[in-house]
Amino acid sequence: MELFKELKEVLQNFDIDGTLISASPYGFGHINTTYLVVYENGDKPMRYILQKINTSLFKSVDELMSNIALVTDFNRERIIKRGGNPDRESLTVIKTKSGENYYRREDGECFRVFIFIENTVAYQTVTKPKDFYYSAIAFGSFSNLLAEFDASKLYEILPNFHNTKVRYQNFLAALEKDEFDRAKDCQKEIEFIKAREHYYSKIVDLLESGKMPLKVTHNDTKLNNVLLDDKTGEPVAVIDLDTIMPGSLCYDFGDSIRFGCNPCDEDEKDLSKVNFRLDLYEMYLKGYLEAVGERITDIEKENLAFGSILMTIECGMRFLTDYLSGDTYFRTHRPGQNLDRARTQLKLVSDMEKIFNQMNALVK
Ligand code: ADP
Ligand code: GN1
Ligand code: MG
């Protein structure tokens, strides 16, 4: 069926006034399928984000949407209390006509709608260091908001999401299977990951032993999951709340560093261009520490630099696992894209290892 017609049928189930004008693919997320939809209502157009939820990953959409509704309701209340605009500073779920948080079509596909947050931008790479600083303020402040949230209300949507030990086991299993005979194309990368096995248990062990606090974290803090004001660059809203779960602050910090300190796209083929930007790391660190303030503990601080390496190698390992398994997890647009993505991550790890002392010194 033609896309517009298909999406129109889906959208009829949501509580939206006006006439649907257009619906087209939007953004650069790797997981869900995102559309920008425009309605005309009176004299002014209203825009929304429609997403087809990735149900091969999110098995219980009820639980997923329950988490998102709880967190957004909680945040909206706080935003109103401080005199802010909740429709702009938080995601807003548009309910279906029957009052649900998402719509399940007869074929099992699930859809949700959010208010489109206007006059903002989600960057794919850092163009101005100040933008990265502001994204740190956004994610750090978001963590602070969540510190007051009752974690027991949340479902653990993707168990072991940042359990790097488990990620490594999954990688080894995919390698052992080598279902698509692709291991031969990435021997160097495989060796690189295997040589760093001692990294993989460090944060998990600190969390398990209680030495590092388990906190409600975002867990997917890349730059394109935050919206910045398109004129002032100031933080507006943290989005993509699918992975809010208990985790470590070092995961949130490290994942932002992984993505933002790479001057190139995540799938850049020319690795000579992929050079870790310590200046941007310093910028993000400054913003993050300012925003989280007193809430960060010593053990978390001591592991911010290590968390950056860990999140980067974990992501590289996940891209390589997906490459070996036939590209079923991360959306790809061309053959070999997951391998290219893995290679950029490993290049960033090797850069960070060389300046690890400096990265730690900056925290101090
Ligand atoms: P995925 O889980 O696939 O990464 P996201 O929820 O991150 O999907 O959405 C993909 C992109 O769509 C974001 O990076 C952002 O550019 C845009 N986006 C998502 N929600 C909104 C919103 N409410 N307002 C404006 N843009 C949005
Ligand atoms: C995915 O959904 P998106 O595109 O913001 C992934 C992250 C990875 C990231 C790599 C739920 O993020 O964990 O770090 O791709 N999200 C999920 O770019 O797996
Ligand atoms: Mg996203």
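Order of appearance sets the numbers: ligands from 1, and atoms from 1 within every ligand. The structure presented is a predicted model; accordingly, all values stated were derived computationally and were not measured.
- Relative to the six-membered ring of F192, R196 meets both conditions, a distance below 6.0 Å and an angle of at most 45° to the axis.
- Protein N/O/S atoms closer than 2.8 Å to the Mg ion (ligand 3): N225 OD1, D240 OD2.
- E148 has a carboxylate O that lies under 4.0 Å from a charged side-chain N of R295, or vice versa, which qualifies the two as a salt bridge.
- Between the side chain of T96 and the main chain of E100, a donor-acceptor pair closer than 3.5 Å is present.
- A salt bridge links R112 with D242; the closest basic N to acidic carboxylate O contact falls under 4.0 Å.
- Residues of the protein with a heavy atom under 4.0 Å from ligand 2 are G29, H30, I31, F161, D220, K222, N225, D240, T243, R258, E266, C315, R318, F319, Y329, F330, listed by chain and number.
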Do F132 and Y284 pass the ring-ring contact (aromatic ring centres under 6.0 Å, His included) test, and can you show the C-alpha distance, the side-chain angles, and the key distance before you say yes or no? CA-CA 6 Å; F132 199 38; Y284 193 92; 4.7 Å; yes
Start with the C-alpha gap between D205 and K165, add the side-chain angles, then the distance that decides, and say whether salt bridge (Lys or Arg N to Asp or Glu O under 4.0 Å) holds. CA-CA 10 Å; D205 290 350; K165 267 200 304 197; 3.5 Å; yes
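- The pair R105-D107 meets the salt-bridge criterion, since a charged nitrogen lies less than 4.0 angstrom from a carboxylate oxygen.
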I'd like the atom pairs linking ligand 1 to the protein - N or O on both sides, separation under 3.5 Å - with distances to 0.1 Å.
from     : atom 1 : to   : atom 2 : distance (Å)
ligand 1 : 2 (O)  : N32  : ND2    : 3.0
ligand 1 : 2 (O)  : D240 : OD1    : 3.4
ligand 1 : 2 (O)  : D240 : OD2    : 3.0
ligand 1 : 3 (O)  : I31  : N      : 3.3
ligand 1 : 3 (O)  : N32  : N      : 2.9
ligand 1 : 4 (O)  : D240 : OD2    : 3.0
ligand 1 : 6 (O)  : Q51  : NE2    : 2.9
ligand 1 : 7 (O)  : N225 : OD1    : 3.0
ligand 1 : 7 (O)  : D240 : OD2    : 3.0
ligand 1 : 8 (O)  : Q51  : NE2    : 3.3
ligand 1 : 9 (O)  : Q51  : NE2    : 3.3
ligand 1 : 14 (O) : N224 : O      : 2.7
ligand 1 : 23 (N) : I115 : O      : 3.0
ligand 1 : 24 (N) : I117 : N      : 2.9

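- Relative to the ring axis of F14, K95 does not place its NZ or CZ within 45° and under 6.0 Å from the centre.
- With Y48 as reference, Y39 is the one residue of Y39, F111, F116 to meet the ring pair (Phe, Tyr, Trp, His ring centres under 6.0 Å) rule.
- Electrostatic pairing of R258 and E266 counts as a salt bridge here, judged by a charged N lying under 4.0 Å from a carboxylate O.
- Considering only residues two or more places apart in sequence or on other chains, S308 meets the side chain to side chain donor-acceptor pair (under 3.5 Å) condition with none of them.
- Note that CG of L7 is 5.5 Å distant from CG of L50, once rounded to the nearest 0.5 Å.
- Remark: K347 engages D351 in a salt bridge, criterion side-chain N to carboxylate O under 4.0 Å.
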